[in-house]
Amino acid sequence: MLLIPCPWCGPRPENEFHYGGEAGIVRPVDPAAVDDAAWAAYLYHRTNPKGLHRERWRHQFGCGRFFNATRDTVTDQITGTAKP
Amino acid sequence: MTQPFRLDDGGRIDRAAVVHFRFDGRAYTGHPGDTLASALLANGVHLVGRSFKYHRPRGVLSAGSEEPNALVTVDRGGGRIAPNLRATQVELYDGLNATSQNRFPSLRWDFGAAAGWFGPLLSAGFYYKTFLWPPSFWALFYEPAIRAAAGLGRAPVVADPDCYTQQYTHCEVLIVGAGPAGIAAALAAASTGARVMICDEQTELGGSLLSETTATIDGKPAATWLAESLDSLRGRVTLLPRTTAFGWYPDNMIGLVERLTDHLPTPEADQPRERLWLVRARQVILATGAIERPLVFPNNDRPGTLLADAARSYATRWAVAPGRAVAIATNDDSAYRAAIDLQRAKVEIVAILDQRRRPGPIADIARAAGLIVRAGARVEGSVGRKRIAALRVANGQGTIDCDALLMSGGWTPTVHLFSQSRGKLRFDPVLGVYLPDVSPARVRCAGACSGVFDLTGCLDSGYAAGEASVPRTFVLDGVAALGASLPPEAAPAHPLAFVDFQNDVTTNDLSVAAQEGFGAIEHLKRYTTTGMATDQGKTSNLNALATVAGLTGRALPEVGLTTFRPPYTPVTFGTLAGPARGALFEPIRHAPMHDWAVAQGAVFEDVGTWKRARYFPQPGETMREAVSRECLAVRNACGILDASTLGKIEVVGPDAAAFLDRIYAVNVGSLPVGRCRYGLLLGEDGFVRDDGVIARLAADRFHVTTTTGGAAWVLHHLEDYLQTEFPELRVWLTSTTEHWATIALQGPHSRSILEALTDDANLREMPHMSVCEARVAGIPARIFRVSFTGEAGFEIAVPAGQARLVWDALIATGTPTPYGTEAMHVLRAEKGFFIVGQETDGTVIPDDLGFGRVGRGKRDFVGKRSLQRPDMLRPDRRQLVGLLTEDPADVPEEGAQVVLDGVGIGHVTSAYFSATLGRSIALALLAGGRARIGEGASIPAKDGSVAVRIVAPVFHDPDGQRLDSHITRLARRPAVLPDPAPRATTRLIVRAPASALGAIGLALGVLLGTVANRAVRARERAALWLGPDEWLVMGDFQLDERVIGLAHGASLVDVSDRFETIELADADAAWRLNGFCALDLAPHTFPVGMCTRTLFGKAEIVLWRTGMTVFRIEVGRSFAGYVRACLAGADRGFGQDTGGN
């Protein structure tokens, strides 16, 4: 079980957290103005890297906040977290 | 004579007591302190099992968990059967009943041994090659026959009657292995005052010190030093004998399994059998030792053939002679130590054959003691049937008669856990073994597992790993210096030279596989099965690597290494499941009127983790009769339903309407105060995820309902958008699912009945889809004029703690008929109302359900853009329609395919018998369904296909006239309305921006602290920090939270009835909580005053430490039963006794 450093609560066991997918996927301000390809990319296209991955976690069974973490997908090590 | 091979003196057994046990039905005796293996050897029993594939007779090879041969089944009666236990680890107790495995009809006369005659035919991958034709025979004949012939113990056929427990714990230092290195590490680490735990898989802590008879440490015999060291650790260090560290998990979480009762003659009735420890250790010290390797030569598996150091332990620790005439074969100095100790124990050593031409100085010590040492001599084979009788020396150097052969091929460091920690191994060319190198985890290795084999080195490296503040050295005497062993070498191919004993893999098999091109070790392992099965090749892996290296002309490290995976030794499923079985498998949530429904004889169904009343059969009624009666009561009079499981979220703040406008596919901004609107909730991909009613209580306050199953997810989804996409909106969310009970009162009489119980609401002025706040039976309530049945009706939300009063008062009017979820389903299907998860499956958009107008407006909301994607506009999307069977009595199966012209066009999503219509009805999702209305189709069924007609999905009252069809009927007003008890505690969830905290704190009389996870108390009031903008405030309030919230632009929501309080106040409180809670609850990491939301098993709780030994749990009321049951389980004889030995 990972020990995930919540920016508010400190390190907590993984079962208190909910994974939120890749970070930095910004919802278009005016979705109606976005073409189909760009919208599909927003919905479905993710980088899925081998190595460092910026991703969202929510401390669901804790402070309830979403935050961003950088995790190495090879070693599962979380190298840093930040308040949004 | 009993125990003919028991030595006259010595050993750590209790000779004064005799233990009776049975093996394969025969009675034997042993002593307390024996293992099953040592007791069998004391009785001269070497034949203890049959091998996996060839059914070869096998004997005890080792004295530890690496044992590949001596696997037994222990039957304790009453279904307590454990197969594949290593006899070397089974502790002897009076009445032990063990049987051998993989033989028929008996161990001595085994039909399966015929397989041995065909040994040459059964080489590597034989079953892939031999049983190819005809293909159909594989599943029918070959595989069952092979599986029957080859095997280990049989899995028990009844459910495991034992109970198991688990414990989360934290420490600064966890030491794995309590041999000399581990004990020294514990002495060092304990001196720092840190929390230290040390575990060892053996009965006694001490490891190799338990077999040491000559060495002295600091002037004391090793056994005395060990006892004194353990005494000094007791009380300061958690000592865990009989505890195997089986797996390394991320961030230094180590899984331990502690065997609590397997060694007891009669465990107490509900004493847990094993405890799973989940240890989060800041630092792990591995002192896991090393495992001796067998030598590989033809017929190296005859009973009577043991590892040399195992035989030494049997003699010195258990006072058992391995034989009367013992031969030793070695390439390693440590076998001499065994020879000398055995000779001291008056066991005859007939010869020592050392493969090395120039053995180390220890050979001279052996010669001086009168032992015969033949340098440069190797064993070529053995003679005998069910026990070794002689060995043949290579190069025609004759045979040597013996009844036991002790072999030593050197030592393999136990690096399993280190490797599991993602530690890299390095090959040591001198020792010829893999050693720990670097690991990203906080782990240190000491002693033999790090390649340090001598006792002095073990003690010193262990003490260094323990990082004491004061250095220390150990003074040793009586220890023979050991030279390095030969690296493992390739053995020539021979069909009876066994590398892997448990899987019957020979050098011949490895040779065949190598010739067939299986060069990669991971492939070779799977093709030959070497290193597989329950022992995972502990004794065989390095010999296999060396042999493959020789066969393929490579150096050993070039061959590579297979992956070490948990568990180190097999772990029973019961331990991994722990207490999460039966009633504790997951929370069973009961709605507020559950007890009433039980008393009425309701039949329940599972809805998520809820138990909901499905229908209320009267005596003699079938389910259809009961449901029909309930449906007709709603249509013609009035029905009453406990709808409390619906999710509820209070959405509060100046921007609440704007937020809901962006989230729900319905216009909320234009909703007047006091009115409700039905809304679909879409994912950003446009698919329907949930639905509910949005009720506007005030300009800045909404009561939003969700589906029962979607409640948690919807709140998460809303928080996601609020926190990450629309953080500029001033709006806050609070779950009120558990605070409000919801009573649905549906049918033409509903208004009259409700009027009898409420004086301050004008129900006649309430239009369909409106809301008001009023008292019902004297209880403050929210009355919603909504309908999920198509009839005029109300849903009444009342605080859950007082819901029974209101329910009972409504029942006491004498007219409403209780109905269950089944009638609810039928009634809504008659109206064509869909249910999320039944009519939708994550691929359904609003238009598919007939909500085509959704998304046509200008306003953007989550999921809207996706509705314009080309795929969403296809005319052949599956659309919701109704189906009527030709035969009105036929009720199609839900999920059945609907076929038109031989092509599937969709499936039935719901189907019921409708009493209202006197016939069956069904809903279906059909491709281009709306355009097919009026057409026919068919549903294939077991006995012919059922003809159906496609119709519009609304079967009853399509114009919705019944929504306003009230029948005034005088309802009985109960003579005495209940008197609500005053609330003991008021609980508020406060969600507020930092700027408002001071003012709100003043108004509440308790400060809203900004230190994370800390509670602030002020007399009887307390404010618990739950999140950076969220507090749980508890106390004796009598205030209007809305006024305060409005004044300060914040959200205050009364959730008094959402929680129940459970207080734990005893010295064991933290221990009991850690049975289910993974947090570190030590006073310095979770001090008095700390509070947090967390998980307790599978329930969300708020945990608050109010005293050194006092914890307060606030838990959702429907989870309270689960939490109490878990705590009761933690109470049941699971005492905290970790004093060791």
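The basis for the numbers below is simple: all heavy atoms, side chains too, and nothing from hydrogens, waters or symmetry mates. The chains referred to below are lettered A, B, ... by the order of the sequence lines, with proteins before strands, and numbering in each begins at 1. If you're wondering where the values come from, they're calculated on a predicted model, not measured in any experiment.
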### Message
Below 4.5 Å, heavy-atom pairs only: which of A:Gln77, A:Gln60, A:His18 has the largest tally toward chain B?
### Response
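Result: the option with the highest number of such pairs is A:His18.
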
Most chain B-contacting option - heavy-atom pairs closer than 4.5 Å, from A:Pro13, A:Pro28, A:Pro11, A:Gly10:
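Between A:Pro13, A:Pro28, A:Pro11, A:Gly10, the count favours A:Pro13.
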
Need one label for [X]: side chain, backbone, both or neither, based on atoms under 4.5 Å from any heavy atom in chain B.
{"X": "A:Arg58", "result": "side chain"}
{"X": "A:Trp39", "result": "side chain"}
{"X": "A:Asp35", "result": "backbone"}
{"X": "A:Leu2", "result": "both"}

Select one option (side chain, backbone, both, neither) describing which atoms of [X] are under 4.5 Å from chain A's heavy atoms.
{"X": "B:Phe1096", "value": "neither"}
{"X": "B:Asp685", "value": "both"}
{"X": "B:Arg422", "value": "side chain"}
{"X": "B:Gln723", "value": "side chain"}
{"X": "B:Asp720", "value": "both"}
{"X": "B:Glu725", "value": "side chain"}

Based on non-hydrogen pairs under 4.5 Å, which of [options] is most in contact with chain A?
{"options": "B:Pro870, B:Pro440, B:Ala1012", "value": "B:Pro870"}
{"options": "B:Arg280, B:Arg869, B:Met253", "value": "B:Arg280"}
{"options": "B:Glu1100, B:Gln868, B:Glu684", "value": "B:Glu684"}
{"options": "B:Ile1101, B:Val1102, B:Asp1029", "value": "B:Asp1029"}

May I ask you to test the [X]-[Y] pair for a side-chain heavy-atom distance under 4.5 Å?
{"X": "B:Thr736", "Y": "B:Arg1058", "value": "no"}
{"X": "B:Phe726", "Y": "B:Arg662", "value": "yes"}
{"X": "A:Cys63", "Y": "B:Trp1025", "value": "yes"}
{"X": "B:Tyr1122", "Y": "B:Val1115", "value": "no"}

Subject >> Centroid separation A:Tyr19 to A:Trp57 less than 6.0 Å >> reply: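 Yes - the distance between ring centres of A:Tyr19 and A:Trp57 falls below the 6.0 Å cut-off.
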
Any side-chain donor near an acceptor of the partner, A:Glu16 and B:Thr1094, under 3.5 Å: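 Judged by distance alone, the side chains do pair up.
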
Q. Any side-chain donor-acceptor pair under 3.5 Å between B:Arg689 and B:His717?
A. no

Practice prompt. Could you give me the CA-CA distance, side-chain angles and deciding distance for B:Asp860 and A:Arg27, then say whether salt bridge (charged side-chain N to carboxylate O under 4.0 Å, His left out) is met?
Written response: CA-CA 12 Å; B:Asp860 179 43; A:Arg27 188 173 192 266; 3.1 Å; yes

Scanning both residues in full, the closest heavy-atom pair of B:Val279 with B:Cys171 reads CG1-SG, 3.8 Å

Q: List the atom of B:Ala1050, the atom of B:Trp732, and the distance in Å for their closest heavy-atom pair.
A: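 Between these two residues, the closest heavy atoms are CA-CZ3, 3.6 Å.
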
